[in-house]
Amino acid sequence: MNRLSSLSWHEVRAAFQTIWGYEDFRSPQGEIIHALLARKDVLIVMPTGGGKSICFQLPALLQTGLTLVISPLVALMENQVQELQEKRLPAALLHSELPSFKRRKILQALAQQKLRLLYISPETFFSPPVWQILCKPELDITAIILDEAHCLVQWGDTFRPAYRRLGAARRALLKSKPLGTKISLAAFTATANPAAQETIHKVLELQKPEIFRLNPYRSNLNPSIRIAWTPNSRKKQLLNFINNRPQQSGLVYVRSRYDSENLAAWLEELGYATAAYHAGLDAEERRTIEKDWINDKLQFVVCTSAFGMGINKANVRWVVHFHAPLLLSEYVQEIGRAGRDGKPSDVLTLVSEPTGWLDSEDKQRQHFFENKIREQQQTAQQLARKLPQQGDIEAIAQKFPNSLIALSLLHSNGQLKWLDPFNYLILTVGKTQANNQLNVTKQMRQYLYTKQCRWQFLLNGFGFSKNIENWRCGHCDNCQ
Ligand SMILES: [Zn+2]
């Protein structure tokens with residue numbers, strides 16, 4: 001039952017004050033909550049730190065059904081669920097590393113409709129014991145919330161093939177529910193350019209979504225790009241930059257585990273309080289580093305893109321991209337870790353000169369990424385020829401390792417359709433259109449070598465081009 005009719009806006013705000021103790025919503029929190037209570041679809045592009053979790057937690061708690069929150073990282077979900085449980089709210093987290101007695105308990109609570117919020121990874125969401133319960137006709141599902149929706153767009157380290165089956169998931173769930181049931185779908189992402197928004201819209205099969213986009217401009221972030229002529233000068237520039245900011249908290253981004261270990265070891269030897277951070281560390285090691293950094297025991301961390309999602313530190317004064325990311329959206333997310341407190345913060349990127357003659361590292365990384373995508377495409381096309389036109393992914397995955405990535409790639413090419421989250425239909429074999437995954441890296445390179453105002457370039461790239469034709473930020477390297 002939809003309770004909105006019986007809930008006045010006054011009651012919604014009162015619940016907000018009782019549970020969280022804030023006076024009123026920040027825009028667009030109120031509008032999003034309103035849309036979700038009306039069981040509408042929503043697409044939200046909101047930088048981290050914008051108070052997004054309240055947007056779906058409050059509607060979930062005000063309704064009687066279950067809200068599923070799908071998120072890529074266990075650590076991200078743990079923090080939120082812990083906060084909710086401390087307030088004695090009916091929320092739980094289900095993931096594959098839980099001991100089986102805890103898992104059983106949560107599945108039981110789920111089946112008995114005792115939970116209002118269930119946090120879950122996309123893979124666990126599709127696992128048979130969970131899926132079977134979710135499909136029970138009497139189980140009331142209010143909404144599916146997709147956090148970090150860029151994981152279905154970005155074809156890099158953060159890509160998750162299961163995300164591409166989520167649109168089909170709602171379709172399948174609705175089939176098992178009484179006629180006329182509504183389940184709203186909300187997708188949250190920190191960054192998405194217009195093309196990425198379109199992809200999210202299409203893949204999730206959003207129905208007339210209300211769209212909320214927060215302008216990513218941050219007047220306290222000063223972006224600059226500097227050319228590093230040789231590998232040595234890259235290191236020297238990094239040292240200069242850090243030495244000019246004694247005791248200021250920061251982050252150094254690199255693109256691989258190897259680089260993170262290597263650079264951190266070198267800096268530690270020089271006496272800096274730092275550590276390497278990447279997805280290869282176990283959860284406990286990562287928690288320790290996060291804590292030490294948040295408490296200023298480490299001045300900075302040398303990290304890959306694995307660092308950041310869900311970590312909040314207000315006084316980060318600088319971010320250096322020792323190696324630039326390949327995607328502009330990754331760049332914006334990563335510089336966004338700086339200056340959350342609103343104070344001026346410097347974000348520097350080091351790049352080799354465009355030809356790559358003296359320092360070929362950046363070029364190599366680019367080629368490595370492009371080759372990997374080409375290889376994945378080839379594998380996907382080969383697989384498409386071998387597979388039955390229609391089939392069950394579980395059976396396919398057993399026969400062909402890595403087939404889930406391949407199927408997702410065919411889906412992103414428009415060559416495949418999900419009949420339901422577990423069954424595909426191949427539409428065309430062979431010809432692929434020009435690969436947009438390769439085009440997206442061009443934008444980042446243009447950004448690195450542009451003479452234009454950096455912020456103007458970024459705002460244009462993210463679809464905020466209105467009224468900024470002659471606008472300049474006045475605080476990036478190109479403006480100064
Ligand atoms: Zn500027």
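Here the structure is a predicted model, which means the values were calculated and not measured. Throughout, numbering of the chain's residues begins at 1 and tracks the sequence.
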Donor-acceptor pair, side chain of Q382 and main chain of T379, under 3.5 angstrom: no
Taking the side chain as every heavy atom from C-beta outward, state whether H321 and I225 have any pair of such atoms under 4.5 Å apart.
-> no
Classify the angle between the aromatic ring planes of F307 and Y277 as parallel (below 30°), tilted (30 to 60°) or perpendicular (above 60°).
perpendicular
Rounding to 0.5 Å, atoms CG (L348) and CD1 (I335) come to a distance of 11.5 Å
Worksheet item: Is Q480 atom CD crowded by more than 12 heavy atoms from other residues, nucleotides or ligands, each under 6.0 Å away?
Response: yes
Any heavy-atom pair between the side chains of R340 and V316 that's under 4.5 Å? no
**Asked** Side chains of Y331 and T349: does their closest heavy-atom pair fall under 4.5 Å?
**Response** yes
In this structure, CZ of R445 is separated from OG1 of T450 (nearest 0.5 Å) by 14.0 Å
Rounded to the nearest 0.5 angstrom, the OH-CD distance for Y449 and Q446 is 12.0 Å
Would you please classify the geometry between the W131 ring and the F125 ring as parallel, tilted or perpendicular, with 30° and 60° separating the classes? perpendicular
### Message
Ignoring hydrogens and geometry beyond distance, is a side-chain donor-acceptor pair present between S352 and E361 at under 3.5 Å?
### Response
no
Salt bridge (charged side-chain N to carboxylate O under 4.0 Å, His left out) pairs touching residues 260-273, sequence neighbours excluded, are none
With a 3.5 Å distance limit and no angle check, can you tell me whether H323 reaches the backbone of Y253 through a side-chain donor-acceptor pair?
no
The reported gap from OG in S71 to CG in D147 (rounded to nearest 0.5 angstrom) is 4.5 Å
By side chain to side chain contact (heavy atoms under 4.5 Å, CB included), Y258 pairs with (sequence neighbours left out) S256, N262
Output for pair (H201 NE2, Q197 CD), nearest 0.5 Å, gives 10.5 Å
For L204 and L185, the nearest pair of non-hydrogen atoms, with its separation, is O-CD1, 3.6 Å
Do E31 and E210 come within less than 4.5 Å of each other through their side chains, counting heavy atoms only? no
For A192 and V45, the nearest pair of non-hydrogen atoms, with its separation, is N-CG1, 3.8 Å
For V130, the side chain to side chain contact (heavy atoms under 4.5 Å, CB included) test, sequence neighbours excluded, returns L94, L107, I120, T124, S127, L134
ask   = Hey, does the side chain of E330 reach the backbone of S305 with a donor-acceptor pair shorter than 3.5 angstrom?
value = no
Applying side chain to side chain contact (heavy atoms under 4.5 Å, CB included) to K102 and not counting sequence neighbours gives L98, P99
### Query
Taking side chain as C-beta onward, heavy atoms only, is V74 less than 4.5 Å from S121?
no
Distance col, row L383:CG vs S403:OG, nearest 0.5 angstrom, shows 6.0 Å
Q. According to the interplanar angle, ranging from 0 to 90°, do the rings of F56 and F188 count as parallel (below 30°), tilted (30 to 60°) or perpendicular (above 60°)?
A. perpendicular
Look at the side chain of R164 and the backbone N and O of L407, then say whether any donor-acceptor pair between them is shorter than 3.5 Å.
no
Notebook entry, point to check: With no hydrogens and no angle check, is any side-chain donor or acceptor of Q299 less than 3.5 Å from a backbone partner on S249?
Noted result: no
- Check the pair R226, L350 against side chain to side chain contact (heavy atoms under 4.5 Å, CB included), reporting the backbone distance first and the verdict last. CA-CA 5 Å; R226 263 186 244 145; L350 298 170; 4.1 Å; yes
Non-hydrogen side-chain atoms of L458 and L328 separated by less than 4.5 Å | yes
Donor-acceptor pair, Q237 side chain versus I227 backbone, under 3.5 Å?
yes
task = Start with the C-alpha distance between L267 and F300, add both sets of side-chain angles, then the distance that settles side chain to side chain contact (heavy atoms under 4.5 Å, CB included), and finish with yes or no.
result = CA-CA 10 Å; L267 289 161; F300 59 90; 3.7 Å; yes
Q: Evaluate the criterion side chain to side chain contact (heavy atoms under 4.5 Å, CB included) for residue pair K208 and D41; output intermediate values, then yes/no.
A: CA-CA 7 Å; K208 294 188 197 141; D41 284 0; over 6 Å; no
Taking R170 for its side chain and E205 for its backbone only, find out whether a donor-acceptor pair lies under 3.5 Å. yes
Of all heavy-atom pairs linking P421 and A168, the shortest is CD-O, 3.7 Å
Residues I106 and A92: closest non-hydrogen pair is CG2-CB, 4.0 Å
Would you check if the side chain of D362 reaches a backbone N or O of A324 as a donor-acceptor pair within less than 3.5 Å?
-> no
* **Heavy-atom check, side chain of N460 versus side chain of Q456, under 4.5 Å** => yes
query: Would you find a donor on one side and an acceptor on the other, under 3.5 Å apart, between the side chain of N478 and the backbone of R454?
result: no
- [ ] Could you check E78 against R287 for side chain to side chain contact (heavy atoms under 4.5 Å, CB included), going step by step and ending with a plain yes or no?
- [x] CA-CA 12 Å; E78 263 172 354; R287 288 304 95 72; 4.3 Å; yes
| said: When you compare the side chain of V254 with that of H278, does any pair of heavy atoms fall below 4.5 Å? | reply: no
Could you tell me how the ring of F241 sits relative to the ring of W318: parallel (under 30°), tilted (30 to 60°) or perpendicular (over 60°)? perpendicular
Tightest non-hydrogen contact, residues P194 and G461, listed as CD-O, 3.7 Å
Taking every heavy atom of V347 against every heavy atom of A338, the minimum-distance pair comes out as CG1-CB, 4.1 Å
Hits for ring-ring contact (aromatic ring centres under 6.0 Å, His included) against F400, two or more places apart or cross-chain, chain-then-number order -> none
- Item | More than 12 heavy atoms from other groups under 6.0 Å of NZ on K87 | yes
Whether R165 side chain and W418 backbone form a donor-acceptor pair below 3.5 Å | no
### Query
Does the salt bridge (Lys or Arg N to Asp or Glu O under 4.0 Å) test come out yes or no for E334 and R255, once each step is laid out?
CA-CA 12 Å; E334 291 170 359; R255 302 332 298 176; 3.0 Å; yes
Applying side chain to side chain contact (heavy atoms under 4.5 Å, CB included) to K343 and not counting sequence neighbours gives R317, D341
| task | Could you label the plane-to-plane angle of the W471 and Y217 rings as parallel, tilted or perpendicular, counting under 30° as parallel and over 60° as perpendicular? | result | perpendicular
